[in-house]
Amino acid sequence: MSDLTAGSMKKTERFTRAHWLVEIASRAGLLFAILAVILYGSFASPAFFSTGNFVNVLTSMSIVGIVVVGMTFVLVVGGLADLSVPATIACGAILSLGLQPMIGPVPAFVVAIALAGVIGSLNGALVGYAGINPIIATLGVGTVGLGIVQAAVGGVIVYGTNPASAELVKGRLFGIPVVVIIFAVIAVIGHLILSRSYWGRWTTATGGNYSAARASAVPVRAVKAGAFVITGVAAGISGGLLGLTLQSARPLVGTGYEFSAITAVVVGGVSIMGGFGSVPRAIAGLVFVQLLTNVMVLEGVRTPVQGFVLGILIAGAVGMDAALRRRGGV
């Protein structure tokens, strides 16, 4: 056996071991972390296990979770992050409410999602085809989009005019909030696409090794662009549901959602460098982050401290990803 072949086998072995370590750390570690938060919350606050608290957590988690599904595609494909999410959510929320008097609630919701898809397509074109850095491209598109939304509504709050649509979104089906059901359906669809389809395999291959995927005839530019389209549509749906739930929307209504989504995805074990991750992992990270945040709110922890804790979680998850990649010889 040549030295080159032996070295290649050792490198492959280290790579496999790294993925095995990621598997154990992300699954077992997150499971124990979630159980620990639940256990602590049950002792720390009597309101933690109340029905009202869990409904609030599930509703909030579902709105963010829809974005998490889209953001998973962006990270797996090697797109770093989509920072236009706040503007896209604002567009979805404002249009789904502002267009109700003119075209009705359902068409308004559809138009809101369509515009979000256009924003995602613009991001995809700049990143996937023009080769612009994803952070710069999405931040620029988000800034422009938010400026257009602010100009359109004059910076004021837009209110809903169709109470029936709010009751539908805030209603329950078989005792489960409708928003949670919508999130579950989107999560299942996203998981099937990423794990069971050619597009999902192309997404993972593109994020894992862009040059090798292109040499294997994978449409890498379209795949990379498609991840941002998926995130744009997901953010539009999230924004529309948020607007209908609150029955009010302002240009800054989506602020912070991109950070929440990125935190959940990274904590869930999805590689920030691309090529590794899944929707269930990201949702597990979302559950942990949402429960932890809820416990801190019930405990009266100040917002800056909450941000500090979540920042530490992101730094730790990214550090672990980098360390495992180095050990795997990536």
Qualifying residue for side chain to side chain contact (heavy atoms under 4.5 Å, CB included) with Leu241, from Leu246, Val178, Ile89, Ile182: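 Testing Leu241 for a side chain to side chain contact (heavy atoms under 4.5 Å, CB included) against Leu246, Val178, Ile89, Ile182 leaves exactly one candidate, Ile182.
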For [Y], is there any backbone N or O sitting under 3.5 Å from a side-chain donor or acceptor partner on [X]?
X: Ser45; Y: Ala47; answer: yes
X: Thr206; Y: Trp202; answer: yes
X: Ser238; Y: Ile63; answer: yes
X: Ser96; Y: Ala93; answer: yes
X: Thr231; Y: Gly70; answer: yes
X: Ser50; Y: Pro46; answer: no
X: Gln290; Y: Val287; answer: no

I'd like to check [X] versus [Y] (side-chain heavy atoms, cut-off strictly below 4.5 Å). Are they in contact?
X: Met102; Y: Val111; answer: no
X: Leu286; Y: Phe183; answer: yes
X: Val141; Y: Thr88; answer: no
X: Phe228; Y: Leu122; answer: no

Taking atom [atom1] of [X] and atom [atom2] of [Y], what is their separation to the nearest 0.5 Å?
X: Leu244; Y: Gln100; atom1: CG; atom2: CD; answer: 6.0 Å
X: Thr161; Y: Gln247; atom1: OG1; atom2: CD; answer: 8.0 Å
X: Thr59; Y: Lys170; atom1: OG1; atom2: NZ; answer: 10.5 Å
X: Leu242; Y: Ser62; atom1: CG; atom2: OG; answer: 12.0 Å

Step-by-step side chain to side chain contact (heavy atoms under 4.5 Å, CB included) determination, Asp82 to Met71: CA-CA 7 Å; Asp82 186 344; Met71 196 71 77; 4.1 Å; yes
Is [Y] reachable from [X] through a run of hydrophobic residues whose side-chain heavy atoms are each under 4.5 Å from the next?
X: Val110; Y: Ile113; value: no
X: Val85; Y: Val69; value: yes
X: Val158; Y: Leu146; value: no
X: Val180; Y: Leu173; value: yes

Flag yes if more than 12 heavy atoms outside [X] fall under 6.0 Å of its [atom1] atom; otherwise flag no.
X: Phe259; atom1: CZ; value: yes
X: Tyr159; atom1: OH; value: no
X: Phe49; atom1: CZ; value: yes

Going through the distances and angles, do Val74 and Leu80 end up as a side chain to side chain contact (heavy atoms under 4.5 Å, CB included)? CA-CA 7 Å; Val74 169; Leu80 296 180; over 6 Å; no
What's the verdict on side chain to side chain contact (heavy atoms under 4.5 Å, CB included) for Val223 and Trp199, showing C-alpha distance, side-chain angles and the deciding distance? CA-CA 7 Å; Val223 171; Trp199 189 269; 4.2 Å; yes
